[in-house]
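Report on the structure given below.
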There are 2 protein chains.
Amino acid sequence: MRANKSKRAPSDRTVGRLTLYRRILNEIADDGVKHVHSHALALRAGATAAQVRRDLMVVGYEGTPRRGYGVAQLISALTSFLDEPGGQPVALVGIGNIGRSLLAYFVGRRPNLSIKAAFDVDPQKIGRVINGCRSFDLSELDREIEAQGIRVAILAVPASEAEQVARRLVDAGVVGILNFAPVALHTPPGIYVENVDVTMSLEKVAFFSRRKKARTAG
Amino acid sequence: MRANKSKRAPSDRTVGRLTLYRRILNEIADDGVKHVHSHALALRAGATAAQVRRDLMVVGYEGTPRRGYGVAQLISALTSFLDEPGGQPVALVGIGNIGRSLLAYFVGRRPNLSIKAAFDVDPQKIGRVINGCRSFDLSELDREIEAQGIRVAILAVPASEAEQVARRLVDAGVVGILNFAPVALHTPPGIYVENVDVTMSLEKVAFFSRRKKARTAG
DNA sequence: ATCACGCTGTGAATCATTTCACAATTAGAC
DNA sequence: GTCTAATTGTGAAATGATTCACAGCGTGAT
């Protein structure tokens, strides 16, 4: 089959699914399975076989007809496509409910993306080591981010502070932000922002649950 | 202007933004502002003016040229479009890190969507009242959901349990699920599932932060 | 060796979403 | 009352994402 020609930047949606495929492949590999078809991947990812194949076009690894994709090879192709080789340190700003959950959640989960510094304004929360991550006063944000060369940040501060903190992050060198604050950040071009808005998500679910008939119990 | 003709079901994306507009409008209303233009809403929502107007076509309230939208009227139109009149009770399954954060987060935030029952398998967590919400053993899920007529659920259990719990939820009458487990749920047609996958989100941010130049501090 | 089956990769078609662009409208100035 | 400038609602165009459909190929069977 022809080699990938790296046509253009993959879409946001595609990259999201690629991370999902990798996670599924890791589970499959743990089961000792060596090969997998696009159809099987699609089933577990909640997508279609055609979409899986289309998504995989960007990663530069090709399966073989009748045999499918080599699980180990595809994992390694995905990893070299998705991950920065030396790992990417992540900063967390805001050690509230959400922030602490995230610290606990990410510890050891994706070694390539470990949270290397956490920031807050509450003196009770600073100067500690939480889940293997040192916490600092917000005033040290710029210095610490520059010192560690951090380019990815998780923003988990109150909505009223988000815009201002985002600006400081960008000025310190951050180019990607995972934003949990329920506001639209206004960042310069070239900065990637992904919003997680649980209230919006729940309201969407509630809306699409209106006036629907429940299934009869089975 | 012509009246809305309720052409078809609004898209997922549109509904999400409508909830966002309502939130922004509530903030604007608190500032005592009476009218707002599509352009101002767009700025705060991170959208374009045309998109705001397009989205608002579905809600059956129209602004007036030169004056824009009446803030109070638009809030009430959005609310009658988005909300079920008597409110929608919500169930939470899984009282771990995420579950507890959500309980704390949603208490009093959207009165129309209050979490009315929480479930877990850990005996230490059941039979209590956490943030005004009673917690039950998982075995009582079906009974309690049917008794309270709950149709919306938040799924915050380990990935290995998610599929099975989702099936029970659907059988008990749930038609919309906000899924925090990192697996694709296989639900019958007509069931609305919204996934929140923080690992995927962070990996997306990390990917789009690769090989980007940081902005020079200013 | 040869063959047939079934899976991949991808151009083209379809479907969905966003943006453009402008007629219709109206608040406010005079 | 009349005019002007600005804003809305929306048809149409543009853009983006997904699905279709099939040529081409490698595997395993014989």
Side-chain angles (χ1 to χ4, degrees), chain A residues 1-18 20-21 25 28 33-71 73-74 77-78 81 184 204 208, chain B residues 1-18 20-21 25 28 33-71 73-74 77-78 81 184 192 200 204 208:
Chain A
M1 313 258 162
R2 237 162 314 155
N4 163 273
K5 282 286 174 200
S6 88
K7 308 168 184 197
R8 74 192 67 178
S11 81
D12 185 76
R13 288 269 190 57
T14 293
V15 172
R17 283 190 300 264
L18 290 175
L20 187 52
Y21 302 152
L25 286 163
I28 287 176
V33 176
K34 299 289 184 234
H35 294 271
V36 66
H37 294 158
S38 60
H39 178 74
L41 260 182
L43 192 67
R44 298 208 31 183
T48 66
Q51 184 154 64
V52 170
R53 297 200 298 274
R54 174 73 62 190
D55 288 338
L56 292 181
M57 282 177 68
V58 303
V59 308
Y61 169 72
E62 306 203 337
T64 56
R66 290 213 46 135
R67 186 180 284 244
Y69 303 94
V71 172
Q73 293 90 327
L74 186 47
L78 281 167
F81 179 79
K204 275 164 64 172
F208 287 109
Chain B
M1 314 251 164
R2 236 162 317 154
N4 165 272
K5 281 288 173 198
S6 88
K7 308 168 185 199
R8 73 192 69 175
S11 81
D12 185 78
R13 289 267 188 59
T14 294
V15 172
R17 284 189 300 265
L18 289 176
L20 186 53
Y21 302 151
L25 286 162
I28 288 176
V33 175
K34 299 290 185 232
H35 294 272
V36 66
H37 294 159
S38 61
H39 178 75
L41 261 182
L43 192 68
R44 299 209 30 184
T48 66
Q51 184 156 66
V52 170
R53 297 200 297 274
R54 174 74 61 190
D55 288 338
L56 292 182
M57 281 177 70
V58 303
V59 308
Y61 169 73
E62 306 203 338
T64 57
R66 293 224 34 151
R67 185 181 285 241
Y69 303 94
V71 172
Q73 292 91 326
L74 185 48
L78 281 166
F81 180 78
Y192 183 87
M200 177 193 289
K204 276 164 62 173
F208 287 109

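Please read all numbers here as calculations on a predicted model, not as lab measurements.
With D:dC25, C:dT19, D:dG9 as the choices, the nucleotide that has an atom nearest any side-chain atom of B:Arg54 turns out to be C:dT19. The side chain of A:Arg66 approaches C:dC5 more closely than any other nucleotide in the set C:dC5, C:dA27, C:dA12. In this structure, the nucleotide among C:dT10, C:dG6, D:dT10 sitting nearest to the side chain of B:Arg53 is D:dT10.
Rounded to whole angstrom, the span from the CD atom of B:Glu62 across to the C1' atom of C:dA24 amounts to 12 Å. The separation between A:Tyr69 atom OH and C:dG6 atom P is 18 Å, rounded to whole Å. In this entry the distance linking CG of B:Asp12 with C1' of D:dG16 reads 16 Å, nearest Å. Rounded to whole Å, atom C1' of D:dT8 lies 11 Å from atom CE of B:Met57. Between the CG atom of B:Asp55 and the C1' atom of C:dT19 there is a distance of 12 Å, rounded to whole Å.
Residue side chain A:Arg67 does not reach the base of D:dG26 through any donor-acceptor N/O pair under 3.5 Å, judged by distance alone. The base of D:dG16 does not come close enough to the side chain of A:Arg13 for any donor and acceptor atom to sit less than 3.5 Å apart.
Distances shorter than 4.0 Å separate none of the side-chain N or O atoms of B:Tyr61 from OP1 or OP2 on D:dT8.
Note on A:Ser11: only backbone sugar-phosphate atoms sit closer than 4.0 angstrom, heavy atoms only; bases stay farther off.
Here the shortest heavy-atom pairing between A:Val33 and A:Val71 reads O-CG2, 3.7 Å. Considering all non-hydrogen atoms of both residues, A:Gly16 and B:Met200 come closest at O-CE, 3.4 Å. Between A:Leu25 and A:Val36, the shortest heavy-atom distance links the atoms CD2-CG1, 3.8 Å. Of all heavy-atom pairs between A:Leu56 and A:Tyr21, the closest is CD2-CD1, 4.2 Å. In terms of heavy atoms, B:Ala42 sits closest to B:Thr48 at CB-C, 3.3 Å.
For A:Tyr61 (side chain) and A:Tyr69 (main-chain N/O), no donor-acceptor pair under 3.5 Å exists by modelled atom type.
Annotation: proximity of residues 33-52 of chain B to DNA chain D (heavy atom, distance under 4.0 Å) is found for B:His37, B:Ser38, numbered in ascending order.
Within the 4.5 Å cutoff, no side-chain heavy atoms of A:Val58 are placed close to those of A:Arg8.
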